[in-house]
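For reference, the structure is listed below as structure tokens.
Numbered from 1 within each chain, the chains take letters A, B, ... in sequence-line order.
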Amino acid sequence: MMVVNMDIKKGRIQSLFQYNKSKIAPLLGLVLLVVFFAITSKGKLLEASSIENIYNQGFPLLITSLAFVYVMATGNLDFSIGANVGFCATIACYVAFFNTKLAFPAALLTGALVGLINSLMYVFLKIPSFIACLCMMFILTAANQTLTGGGSKMVPVELLQNDYSIVRLVLLLIYIIIIVIIFHKTKVGKQLEALGISVEASIQTGVNAKLLFIVSYVVTGVAAGLAGYLMLLRVGAASPTLGSSLTIDSIIALVLGGMSILGGASSSMICAVTGSLITTVLNSGIVLAGMGGDAQQLIKGALFIIVVSISTLRESSSKNF
Amino acid sequence: MKTNILRKESILSGIKRVILTLLLPILLYLVLVLTSFEKFGKFDSFIMTINQSMVNLAIGWSMMFGISVNLFDFSVGSRLVLAGLIGVHFSQKFGLLGLILGCVVSSVLLGSITGLVFSILKVPSIITGFAVLLIFESLGVILSKNMVNAISSEHLVLAKGFNIYILIVLLFIFVYIMYNHTKFGFQIKAIGGNERVATSMGINTAKLKFLTYVLGGFLVGFATILYVSNAGTIQPKDGLGSMSIAFTPIMGVMLGMLIKSCNSVVGVFVGSWSITIIGSVMVAFGWESRLQNVIVGIFLIIVMGFQLNRDKLFKPITTKKNIQTNN
Amino acid sequence: MKKLISIILIIMMILGAVACNSTKSNESKEEVKETEKKTDSDTDGEEVKETEKKTDSDTDGEEVERKPFKIGFSVWGTSDSHGRYVSQAASWVEELGGEVIVDVAQGFTIDAQVASIENLIQSGADIVSFCAYSGEAVIPKISELAEKNEVYFVMWDTTVSDPAIQEMVDSNPYFVGTTNEGQFEAGYETVEYLAEQGATDFVIIKYAIGVAICDERVDGASKAIDDLGLNLTYVIEVPEDTKKAVEDTLVNYPEVNAVVAVGGTAMYVTPSIQAIESVGRKGEVLTSGFDFSDTMGAELEAGDLSLVLGGHVVTTHFANLMALSAYWGDPINPDKEQLMIPYLTVTSPEDIDNFNKYVVGDVPPYTPEEMLDSISSDKTFDDFQKIAMEYSIEDVISRRGE
Amino acid sequence: MDKTPIIEVKDISKRFGNTQALKKVSMRVHSGEVMGLIGENGSGKSTLGSIISGNLKADEGSMLLHGEKYAPQNSFVASENGVAMIVQEQGTIETITVGANIFAGREGKFVKGGILNRRQLNIEALSLLEKIGVHDIRPEELTNNLSFEDRKLVEVARAFHREPDLFIVDETTTALPQKGREILYSLIKKIKEMGKAVIFITHDIDELIMVCDKVTILKDGSYVTELQKSEMDPSLIKSLMVGREISDEYYRSDSDYDDSKEYSPALIAKNLSTDRLKNVSLEIRNGEILGLVGLSDCGMHELGKALIGYYKDLKGSVAKANGVKITNTNVAIKEKIAYVSKDRDSESLLLSASIKNNINLPYLDSLSKFGFYITQSSENKHASFWSKKLDVKCSHISQPVLELSGGNKQKVVLAKWLGNESEIFILDCPTRGIDVGVKESIYHMLVDLKNQGKAILMISEELAEIIGMSDRILTMKDGELTHEFLRDPDLEESDIIKYMI
């Protein structure tokens, strides 16, 4: 038994390096990025208020990208997540006028429902998830525009008073703990990963593929609800475009974090954390370093390529898509 | 030898195929005609819907090759805008020839750069697309600062009258041959089917993927000419705004590849045309035009849901099933 | 090996990008130095610099004791002409020796705008200047941010209509005021003008959804159509393919004889003109737009285009001046009223040439002296408003003495 | 020998992570020769084949082709040099036509002025298929519509068309039905007669002796010896491969049906019908090995899947003895039914996942604490226990399964099911593509399981294995069960074949 334990320990260290290169490299990229901006912004990036800003700006992306791991692990994408965030925020805003306490559950429920519909189209109508979610995105965007009447809608003042950072922090921590434990420490996460590697083999090993696909989309839906509600509190208004950039940002964050777009064995929560930090630091660092203006997007693109190439500085897999 | 006789299609089944292929747009157009006969019953209106689909068709064709080898590239819009700006700039100096060469050459160049980034970075095409899109968009913005991005009206002739048909027919012949009757077309379909096997058969996958980007760039060049000549102007876009240029054509390609009764090249035409007609139906019903994407989305779901569930045989859900291409 | 090449390539790219950017800021710094020299020659140079370093030791001194400033500027993009012009307007105040930082918060999203303001404050801006393009509902949040961080904020092209929000910002000592052209009135005037030309059935093209300026213009135009007893036939919202949308509309509603694009002339009017031509109704359908474009000269001349409202570059400029005066302790607009600024209405190609040459050309439309003078302590808000209302292309030309 | 060999391999070595796949292996193949390559799973025979065909690169050593230096960068370069290989796994592209598959990578031949003549391509494909003796495959057909075996034949046709100087056949016969095997044998003969060379990689010793002129034996990545045709003897080869004596009879020792035992039913299937199955009823019993044999397209593989509730449109019923109806695979696994697919790589394993994750996948419920929380140590404990018990050769349980050899992969599959405490085993070709050493241990394991009272259904195309292992044998033909035999020492293969064809 001793021998077995020793073996496991040795193996752990070994496997940490051998099989986690894809997760270590992005961390390196993040460190380099922080160093780069800390220097170019003359230290402003590392001030407390700046770190608070990064937290304030980064949490929606962190929420959605953590949930996005669930979908991407199975080899799917949820193109509707950004539109769903805005839609949930609008619904929450409307419900808040009726009863502020119901706004939060309403947002979560709306998100979950949208996720459920996405997964049903995919699982039962067998429509490629890419198309199903793209269509859902169009539908939600239009619905959101109609609900907000094309303009932005302010939340009731009572609700705004809930925007204590501490409340948000607690909610966020609870969410992170739950979502990480479910993915890494329960059957659900391991089976989602298995589905991403081989649907066929997973089904034959007793994985309830349909149920899990549904679960993965409902999780992103709930995350959209949470992100929508918290963003509503943060900006104080619902708007037709709220959160719409989160779809692309989540995909980019996960890939930057070292996850394969095809999911499977590379899936990890740490990818979402690293990736969303890189994205947020990049967004805010550029302004702090005074690189604003026209070249802003150019620099973002170039830095993006650099970080991607650093995070892929591993034995290049042939998984090109 | 008797065995060397290949199967031939009968004329009747050929006609049936054509009817099946055109069923979708014709039915859609009928809806339009039924809405208001006096407005859409005219032949001119019918032709107008075809004309309107041309730009998306050209973009769709340029993306078809990429989609065939599972390259999803949302940078198409940004490349189109940048190439358009360059083309317009050259048209002011060298006239029509400047427009054509400016668009095509710069588009081929941009396509090649994207292909190069893809093959060097070895990251998924979606990600490569996002990366170059950020750069190309901002280049477009910077470039447009110091120049006039208007095209004078005598250079718009390519999208007028018969010229547009000549251009599109030439493009069709080119795409059809490239896709169905060249070594390149055969090999990219092989890669799309199973990349690993194709590589082991001696197909140079990396090179072909790069060439797909170059060819895509070439076709985007022509799409750019149509786009610019059609609207008479080209405006830079930023903040991922150019991505939406690719959405409608992608829908057309997806729809087109579903139509089993014809070749994918024709299918993309039918797909793009159908989506164009849906847009017109929206206006004819007096619905808010923002709902257009919603209707197209729902329509696509219905068509796909029908197509995919026609054989009720249980097949386990396959996530990475490649888009089937007709040979 | 390939990786190495790619890394080198990318490093070259980033260096290029940074270099490109830094040369720009160097240039502007040099310009600043030059202007400093100019002002130096006017007054006593060395003294100015010393007092500047001392900052606000005593407030009731002379002009020279002005605090150095940094204006953070949040725009939606620089790809359209209006965005380009307003970010240029930001740089005009650089002539006064301050620093300007422009952040492009893309996508017209409310969260991007809040994040943008946060980043500007973090990067050390003393004043933030922005347009609440994502709707006025974003204002309370930004007001709160500004108060917390003791940063002045001013809004241009923005009207506050909600009394609750109005109350909130009025109680904020760091709120400076708003400037606006009166988008509603502009929309109204456009329709009135087209109606004079014989337009009866209108199509409106909305360029954005959820953008306050756009909505106000549409409201104005709709009100005018209503008041004059005309028909609003159809509203096209953010078309991907404008030409197609207009073609469909014209076929479906043959009675339409006017197309009003409430923004982005280049994006929407030019394709509309193409559409009118392709359905064979050239000359029968009037068009009008907002924001200047490169092609409008030719289009006005050919009669394809009837009217363009635009040139609203100075809303930003006057907003910045207002904020500066407040920051320097002598607010020109202590009551935080809305400063009205006229639109430029363009009817001939020459107007456009003059606009490009004098307003958005190499030299700012107002010299540093004029800028300082307009907000000097002997001026009241009414004087300031008068200067703003005088703004026109002719006004700029006459002040140049040409 | 005075002739230069077609291929000469000198001191080739190859490592995969911590595993030394090949250690200084040398080999020469002359023209007109069929060289057999045999060894246990993980002995490196497929690796050597892949190195010669350019699919892998050697770490050390050199190769000479026709006496000239040869170091292919990829399989494309190799085939340009006249080296072609047919591999174990599927090697056709499903979404294109048969004709396009045959000439994939060689389309240039039909191009004139940039235009590819499809008609010409199809005609040539057709005549090529005829030439090798395949008559029922059309070149215009989508490969998708062909059966697994027919696709293999398409591959054979493709490889043959290139008329390679060196033809490497890697365990292809396992995937082929009898008819296909004969086609392949005759092709090998033709190639030999043309003065070219073949490297024939197999695990089937009888086949090896029949086909090959010489055989190279590998063990644990090292060269053991080379035997001439006259020296070939099944038991000698076996002992050289394994490194110890192997009894000729490695199946079960008992040879009679034991009717003194009470066999209680474990799984009862009634009137199963799908498009391939016609009203099949059967019973799998505890403590018994039930053999199911037939031609590969007779529906027996479908029957295996039908028993675990894989097909949604299945008519009839499958129920465990305790009355639980098996309606889907999820229920089947909960009811401790194990299923090993014939297509191991794509259906039984998560190739890019670790050994640990593969073994633990069905057992996750039982690993969970408080009903949901899975600790790393419980995962590691379970996986390392079972991988050790089955002696999976690996560097670590975090190693991805795809780095393992065929036999070790199968061990992982079995470890997965044993670890899940399965009671009923449905094994579809469990020894397919597996060498004698592992085969023997699998047979021992099956007997052990039987003695523990587990129920086993073994589906196989190999008659010897079925006769050697089963208590009862069912034959199947065209989707129907045709006969039942009881274990009998006098049972001949020919008796069974009658009911299969």
* Interface residues of residues 246-259 of chain C facing chain B - heavy atom cut-off under 4.5 Å -> C:Glu247, C:Asp248, C:Thr249, C:Val251, C:Asn252, C:Tyr253, C:Pro254

* Under 6.0 Å between the ring centres of B:Phe118 and B:Phe210? -> no

* **Partner set under salt bridge (charged side-chain N to carboxylate O under 4.0 Å, His left out) for C:Glu301, not counting sequence neighbours** => none

* Structure fact -> Checking B:Val220, B:Val253, B:Ile245, B:Thr248 against B:Ile59 for side-chain contact (heavy atoms from CB on, under 4.5 Å), the one that qualifies is B:Ile245

* Using non-hydrogen atoms only, which part of B:Ser45 is less than 4.5 Å away from chain C: side chain, backbone, both, or neither? -> side chain

* Of all residues at least two apart in sequence or in a different chain, which pass the salt bridge (charged side-chain N to carboxylate O under 4.0 Å, His left out) check with B:Lys207? -> none

* **Pair B:Phe46 + B:Tyr29: ring centers closer than 6.0 Å** => yes

* Step-by-step side-chain hydrogen bond (donor to acceptor under 3.5 Å, both in side chains) determination, C:Asp103 to C:Ser116 -> CA-CA 7 Å; C:Asp103 180 32; C:Ser116 167; 2.8 Å; yes

* Asked: So what's closer than 4.5 Å to chain C heavy atoms on B:Thr276: side chain, backbone, both or neither?
  -> both

* Can you name the residues that form a salt bridge (charged side-chain N to carboxylate O under 4.0 Å, His left out) with C:Asp304, not counting sequence neighbours? -> C:Lys282

